There are 2 protein chains.
Amino acid sequence: MDRTRRRVGRPPRSEAGDTRAELMAAALKLFSRNGFVGTSIRAIAREVGLSESVLYSHFRNKQDIYQAAMRMAGPQGAITALDALDGLDSADPANFLVTLAERLFEIWDSPQSRQVASLLVRDGLLHDTALSDGIESAVARLAEVFNRWVAEGRLPADLGAAEDLAFALLAPIAHARMLWLHADASPGQRRTAHDRFVRHATLFARVTLGAPAPAE
Amino acid sequence: MDRTRRRVGRPPRSEAGDTRAELMAAALKLFSRNGFVGTSIRAIAREVGLSESVLYSHFRNKQDIYQAAMRMAGPQGAITALDALDGLDSADPANFLVTLAERLFEIWDSPQSRQVASLLVRDGLLHDTALSDGIESAVARLAEVFNRWVAEGRLPADLGAAEDLAFALLAPIAHARMLWLHADASPGQRRTAHDRFVRHATLFARVTLGAPAPAE
DNA sequence: ATTATCTATAGATCTATAGATAATGC
DNA sequence: ATTATCTATAGATCTATAGATAATGC
């Protein structure tokens, strides 16, 4: 990351790294901290220790760097977590819900996911359909699980619409993510997030299923 | 807002408006849309139809405009809504909760509140303590109400910590606000937000109080 | 010959200031 | 005299390009 200033000309093999990947990581870091307009090509190059013109041999323009960085970070969302838990949902509902919260925490606590969260929030992507679509489809996906539970008699039918229940479980977790799992969250903030994730899932399980929460 | 280009010199009385207020409103609008760094002094001046140098006779610098605009918009938060409902909480708990959701919607649906929401989300204020402190104190304030209800036998004592319950009610509402009650939300998005606010409060009341929701 | 870097620079902003100009209110 | 605006401009960035330079791989 912090190479010393190079001399003119192509650097020798021994000093070569994966420049493109380093540039994308630096870009994601700075974009997430200062936003798209708040981050200059120059600043990204300086972060990696290169001249700014080198970015134009790897990317077409600033927008292209942004897109490449977002593609690299990938969409590690709630849907992924739900898919991974597919086998577990027929076993113990309360355990499923708390495990889901734990799983979401693990995914969203990684440095890169936290940078993506900051970036989503910053650059209008929040107000783009990207994030709200993500929430909507995760809610719909979880609602299917709840409907199945109702059909199987594992969940009372008179609580309310499955979609409303799914929103009531996921929205506080998504909210805690945005508040406390961002790019430069302190260890304390990350603990707060974890605490909120688990306590909310536990409360939700107890109130809707009438069961005590499983031991952590 | 869209005055034609003025001629040199102080404008006659007939054309004078409240320039300072117009500048702050324009600044809030543009900051909320494009962020602090994404908004130039020049753009704010052009929005009001004045030369950019006029901003320096009303404000010290760009940062000063930002602060003035935020102060003008004011902190119309959940605490305000809770205070306004103070008399109601001893009457009908379910009604109190749904009324709170309606009240929060009214406050946060105004154009200026929506601009503030966008701005909070954009310029790191989300990651500043400002917003998370706001949530924390609103949660604490509502938890007091819940504790009183438990003491009065209006709310079952075995549901969980009052603070967790308060978070479970408020976080989805705050989340829906950030997703759908932003600066340039469509009428459809604003309806979605209202729908979410009310449906969540209704569900929450039914599940925790065991009572049917009051008619809207 | 190709690739990965560099230096230098054009042209477009942007913030902020200096100083001119014309209306207002005493 | 004071106030509210204007024009003009200095100085600092920023994006993007042109062209030089040195290592690599055939």
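Keep in mind that the numbers below use all heavy atoms, side chains included, and drop hydrogens, waters and symmetry copies. In this text, all values refer to a predicted model and were calculated from it rather than measured experimentally. Lettering follows sequence order; numbering is per chain, from 1.
Here the nucleotide nearest the side chain of Pro11(A), chosen from dC6(D), dA4(C), dT5(D), is dA4(C). Candidate nucleotides dT5(C), dA16(D), dT5(D) were compared by shortest atom distance to the side chain of Ile41(A), and dA16(D) ranks first. Looking at the side chain of Asn61(A), the nearest of the listed nucleotides dC6(C), dA16(C), dA16(D) is dA16(D). Taking the side chain of Glu52(B) as heavy atoms from C-beta on, and the options dT7(C), dT15(C), dT5(C), the nearest nucleotide is dT15(C).
In this structure, Phe59(A) places its CZ atom 12 Å from P of dT5(C), rounding to the nearest Å. Straight-line distance from the CZ atom of Arg42(A) to the P atom of dC6(C): 14 Å, rounded to whole Å. For the pair Asp64(A) CG and dT15(D) C1', the interatomic distance rounds to 14 Å; values are reported in whole Å. Distance, Asp18(B) CG to dT5(D) P: 10 Å, rounded to whole Å. The distance from atom CG of Leu30(B) to atom P of dT15(C) is 12 Å, rounded to the nearest whole Å. Rounded to an integer number of Å, the gap from NZ of Lys62(A) to P of dT13(C) is 14 Å. The CG atom of Asn34(A) sits 15 Å away from the C1' atom of dC14(D) (whole-angstrom rounding). What separates CZ of Phe36(B) from C1' of dC14(C) is a distance of 12 Å, to the nearest Å.
Between Tyr56(B) and the phosphate of dA16(C), there is a side-chain N or O to OP1/OP2 separation shorter than 4.0 Å. Taking only side-chain nitrogens and oxygens, Arg10(B) never comes nearer than 4.0 Å to OP1 or OP2 of dT3(D). Not one side-chain nitrogen or oxygen of Arg60(B) sits closer than 4.0 Å to the OP1 or OP2 atom of dA16(C). Phosphate proximity of dT5(D) to Ser57(B): absent, as no side-chain N or O sits under 4.0 Å from OP1 or OP2. Remark: Arg7(A) is in phosphate contact with dA23(D), judged by side-chain N or O atoms under 4.0 Å from OP1 or OP2.
Among the heavy atoms of the strands lying under 4.0 Å from Ser40(A) are primed sugar atoms or P, OP1, OP2 only; no base atom is included.
Judged by distance alone, with hydrogens and angles left aside, Ser53(B) brings a side-chain donor or acceptor within reach of the base of dT7(D), the pair sitting under 3.5 Å. Side-chain to base pairing of Arg13(B) with dT24(C): no donor and acceptor N or O lie closer than 3.5 Å to each other.
Met24(A) places none of its side-chain heavy atoms less than 4.5 Å from the side chain of Arg71(A). Leu181(A) is listed as a side-chain neighbour of Phe105(A), based on a closest heavy-atom distance under 4.5 Å. Contact annotation: the side chain of Tyr56(A) never approaches that of Ile65(A) to less than 4.5 Å [non-hydrogen atoms, C-beta and beyond]. Contact check for Leu169(A) versus His200(A): side-chain heavy atoms found under the 4.5 Å cut-off.
Toward the 5′ end of DNA chain C lies the nearest nucleotide of Thr39(B), the other residue of the pair Val8(B) and Thr39(B) mapping further downstream.
Figure legend. dA20(D) is base-paired to dT5(C); pairs are counted as Watson-Crick or G-U wobble with both atom distances under 3.5 Å.
Under a cutoff of 6.0 Å and an axis angle of 45°, Arg199(A) and Phe167(B) do not form a cation-pi pair.
Ring geometry for Phe146(B) against Phe204(B) counts as parallel: the plane angle stays under 30°, on a 0 to 90° scale with 60° as the upper cut.
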